[in-house]
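Since this is a predicted model, take the numbers as computed values, not measurements.
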Amino acid sequence: MKYLIPFFCLASLLSVVPASSVSAASQAKRPNFIVIFCDNLGYGDIEPFGSTVNRTPCLNRMAREGRKFTHFCVTAGVCTPSRASIMTGCYSQRVGMHWNPRDGQVLRPISPYGLNPEEVTVAEVLKKQGYKTGMIGKWHLGDQPPFLPTKQGFDYFYGIPYSDDMTQAVGKRIGDRLDGNRWPPLPVMLNDKVIAAGVDRNLLTKDYTEKAVEFIEQNKDQPFFLYFPQAMPGSTKEPFSSKGFRGKSKNGPWGDSIEELDWSTGQILDKLVELDIDENTLVIWTSDNGSPMARNMETTERGTNKPLYGRGYTTSEGAFRVPTIMWWPGKVPEGTVCNELATTMDLLPTFADLADGKVPQDRIIDGHDILPLIEGKPGAKTPYDVFYYYAMDQLQAVRKGPWKLFVPLKEFSRHPHFKKGQSTKPLLFNVVIDISSEHNVADQHPEIVKELMALAEKGRADLGDSKRPGANQRKPGKIDNPVPPTLKTISTK
């Protein structure tokens, strides 16, 4: 494969992979779906959202030919709960993936917990409609056999089961805590089998992109869903990138990794055009949460969420609002911007509608069909009456319309605005006109504070709060005696 630097969005010259023998002529009008889900990439890390240090020509093209979403939110400032929401269309608190007593807020290697197989995923919804479903990249919803992608609706899985920083070396450093001494070399899996251990992380983006292009080629003649959660920029201080990009950006390793992600996106778009299936494919590019940012938040060496306030791993706007571009030639209006609130929970119901499927009727699904927003229909508005910001099991903020209220708290483990040991009062921001959350206007709008406090109580009753179970929460999956995913401990049972 010819490996190009990211200034050109040209189709790669890959060998042709035989198309699937499954005929889908009767389903030809059902669109394909590709979701590119970056890891820890911030709101201000790409040029379409204001970056001046990371070169992203392919994403510039995607924005010119597609639609930017400036108020697109995830449901958590960290990996596992965010990914649970994109899979299930639910708040992670709804499906029990927001916290557990063994791992805390994100799953670690050899956890007994994972996404409950009884949950209905977006892959399962689409598979029922005749879609070929593939997942390439970072899973992070359970590394044990019952929780792997192949047990959650995916026909094909290639990637790592958790974060790129959860290596054997890190496990040895933490020792007995979290079973660190048992963590295996970082595994690459094909379906439910470990095929490589101690992977070279510099090659992950390149490797994933090649596999993604192959999946598209193999399934070009039938409806397909490709979930492509990239490993980068990832959770290390110095992200990884391959030789063609390492040391080439103006922003150190963080910029190198983003410029390779941009190249990767160009490969996907170009392949769709080459195969003449671009007008039947919706591509969504986004991130699982905002960047962690460096200690000096004025720098961009670990990403930036500016002009939004705050760093990743919190309930700040910088953690929850992520850069999002949607591309679907002929369907998504070119060069447009959507300023309405939408979230990753909306993908399941939206894809279900476009695929002539149905959302599960036997349980609460928190997301909404946002096709009118995607297509830029005149007068289309957010379907959200309220949106909740949780840190693990604690409700910290509520949004309605342009208003975001941080509720007073007696105690908390981490907060983007409050400091431990100090009394807290309601903080109210208009996050539409005050994009950096600089002006607390709670005193000027007591009626809005009262309304949002009532909505907060409604959320607590439904989804729970610290030491208070919610009425409509479901349990995560859990097994006994988990084993490390290694070359010697494979099980398909």
- prompt: So, for Q168 and P185, which heavy atoms are closest and what is the spacing to 0.1 Å?
  reply: NE2-CD, 3.5 Å

query: Do you know which two heavy atoms are closest between I268 and I34, and how far apart they sit?
result: CG2-CD1, 3.9 Å

message: Using only atom types and a distance under 3.5 Å, with no angle test, would you say the side chain of Q152 pairs donor to acceptor with the backbone of L115?
response: yes

Got a list of side-chain donor-acceptor pairs under 3.5 Å for residues 418-427, not counting sequence neighbours?
from: K420; atom 1: NZ; to: S413; atom 2: O; distance (Å): 3.3
from: T424; atom 1: OG1; to: L409; atom 2: N; distance (Å): 2.9
from: T424; atom 1: OG1; to: L409; atom 2: O; distance (Å): 2.9

- prompt: Is the distance between the ring centroids of F37 and F228 under 6.0 Å?
  reply: no

R468/E457 ion pair, N-O < 4.0 Å: yes

query: Any salt bridge between D353 and K358, counting N to O under 4.0 Å?
result: no

message: Before you tell me yes or no, could you show the steps for D39 and R83 under salt bridge (Lys or Arg N to Asp or Glu O under 4.0 Å), namely the whole-Å CA-CA distance, both residues' side-chain angles and the distance that decides it to 0.1 Å?
response: CA-CA 10 Å; D39 189 24; R83 290 157 197 273; 3.3 Å; yes

Closest contact, heavy atoms only, S437 versus V431: OG-CG1, 4.2 Å

message: Under the criterion side chain to side chain contact (heavy atoms under 4.5 Å, CB included), I'd like the reasoning laid out for R474 against N116: C-alpha separation, chi angles, the key distance, then a yes or no.
response: CA-CA 9 Å; R474 305 194 287 267; N116 196 322; over 6 Å; no

- prompt: Can you tell me if W183 uses its side chain to pair, donor with acceptor, with the backbone of P484 under 3.5 Å?
  reply: no

message: Quiz question: by atom type and distance under 3.5 Å, do the side chains of N339 and T70 form a donor-acceptor pair?
response: yes

- prompt: Taking atom types as modelled, is there a side-chain donor on S249 or D256 under 3.5 Å from an acceptor on the other?
  reply: yes

- request: For side chain to side chain contact (heavy atoms under 4.5 Å, CB included), just list the numbers for M87 and L141, CA-CA rounded to whole Å, side-chain angles, deciding distance to a tenth of an Å, and then say yes or no.
  value: CA-CA 10 Å; M87 280 293 103; L141 293 174; 3.7 Å; yes

- prompt: Is the distance between the ring centroids of H439 and F429 less than 6.0 Å?
  reply: no

- prompt: Should the pair R108-D179 be classified as a salt bridge under the 4.0 Å nitrogen-to-oxygen rule?
  reply: no

- request: Take T205 and F240 through the side chain to side chain contact (heavy atoms under 4.5 Å, CB included) test and state the conclusion after the steps.
  value: CA-CA 9 Å; T205 301; F240 299 89; over 6 Å; no

message: Quick one: does any side-chain atom of T265 pair with a main-chain N or O of C58 as donor and acceptor, under 3.5 Å?
response: no

message: Could you report the tightest heavy-atom contact between K400 and L452, atom names first, then the distance?
response: CB-CD1, 4.0 Å

- prompt: So, E340 and T382: side-chain donor and acceptor under 3.5 Å apart, yes or no?
  reply: no

query: Are side-chain N/O atoms of T300 and W254 paired as donor and acceptor at under 3.5 Å?
result: no

- prompt: Is a donor on one side and an acceptor on the other found under 3.5 Å between the side chain of S85 and the backbone of C90?
  reply: yes

message: Salt bridge or not between E124 and K127? Use side-chain N to carboxylate O under 4.0 Å.
response: no

- prompt: Is the shortest side-chain N to carboxylate O distance from D176 to R182 below 4.0 Å?
  reply: no

Heavy-atom pair of closest approach, residues V332 and W327: CG2-C, 4.4 Å

message: Using only atom types and a distance under 3.5 Å, with no angle test, would you say the side chain of S436 pairs donor to acceptor with the backbone of P307?
response: yes

message: Hydrogens and angles aside, do D465 and Y390 bring a side-chain donor and acceptor to less than 3.5 Å of each other?
response: no

message: Which heavy atom of P81 sits nearest to which heavy atom of S92, and what is that distance?
response: CB-OG, 3.2 Å

Donor-acceptor pair, side chain of N430 and main chain of D434, under 3.5 angstrom: no

message: Is a donor from one side chain sitting under 3.5 angstrom from an acceptor on the other, for Y313 and N40?
response: yes

query: For the rings on F147 and H140, is their centre-to-centre separation under 6.0 Å?
result: no

- prompt: Going through the distances and angles, do S51 and D45 end up as a side chain to side chain donor-acceptor pair (under 3.5 Å)?
  reply: CA-CA 5 Å; S51 177; D45 274 338; 5.9 Å; no

message: Does E375 form a salt bridge (Lys or Arg N to Asp or Glu O under 4.0 Å) with R67? I'd like the steps, not just the answer.
response: CA-CA 9 Å; E375 294 184 335; R67 185 166 171 82; over 6 Å; no

- prompt: Thinking salt bridges, do R94 and D366 make one under a 4.0 Å N-O criterion?
  reply: yes

- request: Mind checking the NE2-CZ spacing from H417 to F412? Nearest 0.5 Å is all I need.
  value: 11.5 Å

query: Using a distance-only test with no angle check, is there a side-chain donor-acceptor pair under 3.5 angstrom linking S163 and K138?
result: yes

field: Stepwise side chain to side chain contact (heavy atoms under 4.5 Å, CB included) check, N440 with F406
entry: CA-CA 10 Å; N440 176 20; F406 282 92; over 6 Å; no

query: Judged by atom type as modelled, is there a donor-acceptor pair below 3.5 Å linking the side chain of N251 to the main-chain atoms of N54?
result: no

query: Would S264 and Q230 count as having a side-chain donor-acceptor pair, cut-off 3.5 Å?
result: yes

query: Would K306 count as a cation-pi partner of Y43, with NZ or CZ less than 6.0 Å from the six-membered ring centre and within 45° of the ring normal?
result: no

Within 45° cone and under 6.0 Å: R399 NZ/CZ vs F387 ring: no

- request: Please check if atom CD in E118 has more than 12 non-hydrogen atoms from other residues, nucleotides or ligands closer than 6.0 Å.
  value: no

message: Working to the nearest 0.5 angstrom, can you tell me the gap between D143 CG and D192 CG?
response: 13.0 Å

- request: Evaluate the ring planes of F245 and W263, with Trp represented by its six-membered ring, and classify them as parallel (under 30°), tilted (30 to 60°) or perpendicular (over 60°).
  value: tilted

- request: Could you walk me through whether Y388 and D462 pass the side chain to side chain donor-acceptor pair (under 3.5 Å) test, one step at a time?
  value: CA-CA 11 Å; Y388 296 111; D462 181 24; over 6 Å; no

message: For the NE2 atom of H415 and the OG1 atom of T315, what is their distance to the nearest 0.5 Å?
response: 5.0 Å

Side-chain ion pair, E47 and R55, N-O less than 4.0 Å: no

message: Please determine whether the number of non-hydrogen atoms from other residues, nucleotides or ligands lying under 6.0 Å from atom CG of N481 exceeds 12.
response: no

query: Is the Y91-H98 ring centre distance short of 6.0 angstrom?
result: no

message: Is it true that Y389 and Q394 share a donor-acceptor pair across their side chains at a distance under 3.5 Å?
response: no

- prompt: What orientation do W139 and F157 show, parallel under 30°, tilted 30 to 60°, or perpendicular over 60°?
  reply: tilted

